[in-house]
Amino acid sequence: MASPNGGEDFESSLLSFEKLDRASPDLWPEQLPGVVEFAASCKNSITNSPPKWMADLESEDYEMLKELGSLTTANLMEKVKGLQNLAYQLGLEESREMTRGKFLNILERPKK
């Protein structure tokens, strides 16, 4: 039968009092370059103020972020496909208008 303090003795035998020198880049290389700086910037931004990109957002922008954040993966992909289709349609329309302007000589610079 084990003694009542046997568990504590076992745990104390597992403790290590070795001091590890983390200053050496050879011993502790950064796994992903830039992660340390990014983590530091995130920590500072969380405690101090919102990120710079959020400074100019209006209430409509926040609502859009909430809406997009609540979508499932499938719904988000559908939204992205819709935006891609819209961008394609706008590109076609712009191309037609540019061609039309070219034929109507709207885009020529005035001769001096």
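Reckoned from all heavy atoms, side chains included, excluding hydrogens, waters and symmetry mates.
Environment of CD in Glu58: sparse, with no more than 12 heavy atoms of neighbouring residues, nucleotides or ligands closer than 6.0 Å. Heavy atoms of other residues, nucleotides or ligands lying less than 6.0 angstrom from CG of Asn105 number more than 12.
Proximity of Leu76 to Thr73: side-chain heavy atoms (C-beta onward) are nowhere separated by under 4.5 Å. Contact annotation: the side chain of Lys102 never approaches that of Thr99 to less than 4.5 Å [non-hydrogen atoms, C-beta and beyond]. Contact annotation: the side chain of Leu90 approaches that of Leu86 to within less than 4.5 Å [non-hydrogen atoms, C-beta and beyond].
Separation of atoms CG (Leu68) and CD (Glu63) is listed at 11.5 Å; rounding is to 0.5 Å.
Evaluated for a side chain to side chain contact (heavy atoms under 4.5 Å, CB included) with Met98, the options Arg100, Arg96, Glu94 yield exactly one hit, Glu94.
Among all heavy-atom pairs drawn from Leu57 and Asp61, the shortest one is CA-OD2, 3.5 Å.
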